[in-house]
Structure formats: structure tokens, C-alpha cells
Amino acid sequence: MDLKSLPVVDHELFEWMQTIRRTIHRQPELSFQEFHTSTLIQEKLDELGIDYQTGWAGTGVIATLGTERVSGSHVGLRADMDGLPIQDNKEAPYASKITGVSHACGHDGHVAMLLGAAALLKRYKLAGRVSLIFQPAEEHGNGAEKIISQGALAGGIKAIFAGHLDVHYPTGVITVDEGIICSAADPFSLHIVGRGGHAARPQEACDPIVAGAYLVTALQTLVSRETDPNKSAVVTIGCFQAGHANNAIAEEALIEGTIRTNDQEVRNRIVAGLQRISDGVALQFGVRIGVRFHDSLPVVVNSLETAKVARRAAQLVVGQDMVLSQGRPSLGGEDFAFYQQVVEGCLVRFGANSPPGCGSAHSGKFDFDENVLAVGAAWLAAVAVQWLKGKKQ
Ligand SMILES: [Zn+2]
Ligand SMILES: [Zn+2]
């Protein structure tokens, strides 16, 4: 593909994507409940005259373009679809209309971009087949793992690409890296069962809040005292729920958190340490502590070959100077990792300025510069064309 045949997002296509993004933004849906989003995707694919299959992990949609000309000339592009259980606190006219739910990670933008890429790819005589994967439940429940188990990659996809918008970089930047770029995530729940009682007679009760407070503090030593300082790791407690009254000792407490690592040895040690410290605190305070891990994610590791194609596509779309490295792996997790356990793939980041007064991803004030929609759509189309071109030779 030379510069003359570069996929170009014109004003009309940009507005089409912007309307899609805003429509989804107004009506965000949680993981596995993306019903309206799924319907909108199907309507837009109908509008473009592109075939698709529905019902992937419930709300997922997989559309296909072109035909496999030589063996292995089949590439996948993926967008996630779900919002988050976070109240939208921004002023924008397209702010969420659903109380307590918002698109605080930009997945509304990813859907719009992939539909934009579909519109661009329609204009090409493709050297193979492109599957557009609209995947539910990235934030919660590992939708990628689910649709893969249903056969999403069984149709012969040989490589997969995706991008995540990122307000840490200015609009127009695309970061491309080979190797590990996102960390393993091990979400956990700690259920502390004590014995309730009167606030004035603690000797008759067994206080799960005091045990829980010790436990949260003790868990901080997993990173500070048990992890090689040259390696990265995070243990975050995001939730601590207990009690109903100031004059009663609670019956139980629930602590939830997540471990992030990008080294298997560090990961094993912290996971084992969490169990050991929980057992120790349970013994110390005479409570029971149930430790449960769920929805674990592997690391996102971009293959050399797909990163090369991703970089070439990025250079064509935004120019060499705007293609950067993200540097060290992020401690964020991404269920794109599950695709890469089956086929090689590359996840990139699309820089998107944060509008004035807006906040970071996963916050109630999150928003992004919509010009990134044009960058994302062009890159997704370009990377598919570039990858198929490589297969033809
Ligand atoms: Zn997110
Ligand atoms: Zn996300």
C-alpha cells in the first residue's frame, strides 16, 4: 500500500463515527449486557452491506469482509464494547443517561473506529479475508476468553490486531511495541467471617473489620518486602465493605482487589503470599478468611511479526515521528491477551488528548479527543491491508 492508497477518513465518515460513538456513550451497557450496542453495530453493518454473525458470548458480533485467497490470508481486528459501573460526572451533551454506568475506558470509541475501518475496507479489493470482532465484556468477565471458546478464532484467523485509546499521549500518536505491553491481572476476593456483637462488649464478638484493616496493611508488604525492586508489581485493594451501624460489631467483611505483575515468578510469589498472609491474619484474629481468585488475565505479549506490520501501518497513517514506544509494560490488564494465546497479535495505543477538565480512564470525568476516531479507523484498515499484503507475497 503506498500513500496514495492509504485509507483516508473524510469528513462524512468522521461524522458517521462520531455519531455512533456519542450514541453508545449516551447509553453505556455493562459487560455481557451490551444489547443496544450490539443492535447498533448490526444496523451499521447492514448499512454498509457487510455480512456478520451474532450471539458471540451473547452480545458479540463478528463481521467478515473479503475471501481467503491463499492459505492463512485471514486477519482479525477486535473492538471491545462494554462500559463500566462508574457514574458519568462530565458536562458533555453526550454524557451517559444511565445512572451509575459510563463509558469511562473509551470502548465506545473502539466500536466507532472498527465500524469506520469496516467502511474503509469496503473500498478495497482485499487480498484476503478480514474478520471484525466486536467483543463483549472486556472490563468484567473476560469476554475474549468466552468468544474464543465458542470458536471466534476457529474460522482460520492467523493474526489479530487491536488498539486502545490512551489519554497519556497526544492525539495523532500511535504506540507500537513488541513483547509484553500489558500485565497479568489476578483479581481476588477476601471474605472475612467473624462474629457480630454489641459495640460495648468486644470480648463477646470477633471483629472482622479490625482483622480486615490489619489484612489490608499486611498485604502492602507483598510488593514492598517480597518483590524484587527491579520488577514491577501492584496489589490494589479497591473495595472494603463491612458493617451497618456505629454501635454494632459486624458479622463479616468483604475485601476485593487485584494483583498486577508481568513476570511469572513474581506473580506466583504474590499469589501464594496473599494466601499465606490471609491465613496468618485469620489465625491471629480468630476469624475465617476465604480467598478466591477469579477472571485472571495473562500478559499481553505482541509478536515480533505482528508488531512489525502494526508499526508499518502506523507510520503510513500518522507518519514516522508520531509512532512511539510506550516504554515499560503497563500494569493494566487486557483480555486481548487471550487471543494471543491462540494466534499471534499486536495491541497498540492510540494517543487521544484529554479535553480540558476531564479525568483519567476509569474515572467519572473521563473523555477523549474524538479526532482519535479517524486515526484508529485508518490504522485498523491499514494494518489489515498491510498484513494481507504480506501474505500475498
Ligand atoms: Zn478499562
Ligand atoms: Zn479498556
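Counting starts at 1 for both ligands and their atoms, following the listed order.
- Other residues, nucleotides and ligands place no more than 12 heavy atoms under 6.0 Å from the CZ atom of Arg225.
- Between Ile181 and Val301, the closest side-chain pair of non-hydrogen atoms is not below 4.5 Å.
- In summary, no N, O or S atom of His107 is located under 2.8 Å from the Zn ion (ligand 1).
- Electrostatic pairing of Asp367 and Lys365 does not count as a salt bridge here, judged by no charged N lying under 4.0 Å from a carboxylate O.
- An angle of 100° is found at the Zn ion (ligand 1) between Cys105 atom SG and His362 atom NE2, rounded to 10°.
- Here the side chains of Ser232 and Arg328 are in contact, with some heavy-atom distance below 4.5 Å.
- Closest approach between the Zn ion (ligand 2) and any N/O/S atom of His164 involves NE2.
- Sorting the N, O or S atoms of Glu139 by how far they are from the Zn ion (ligand 1) puts OE2 first.
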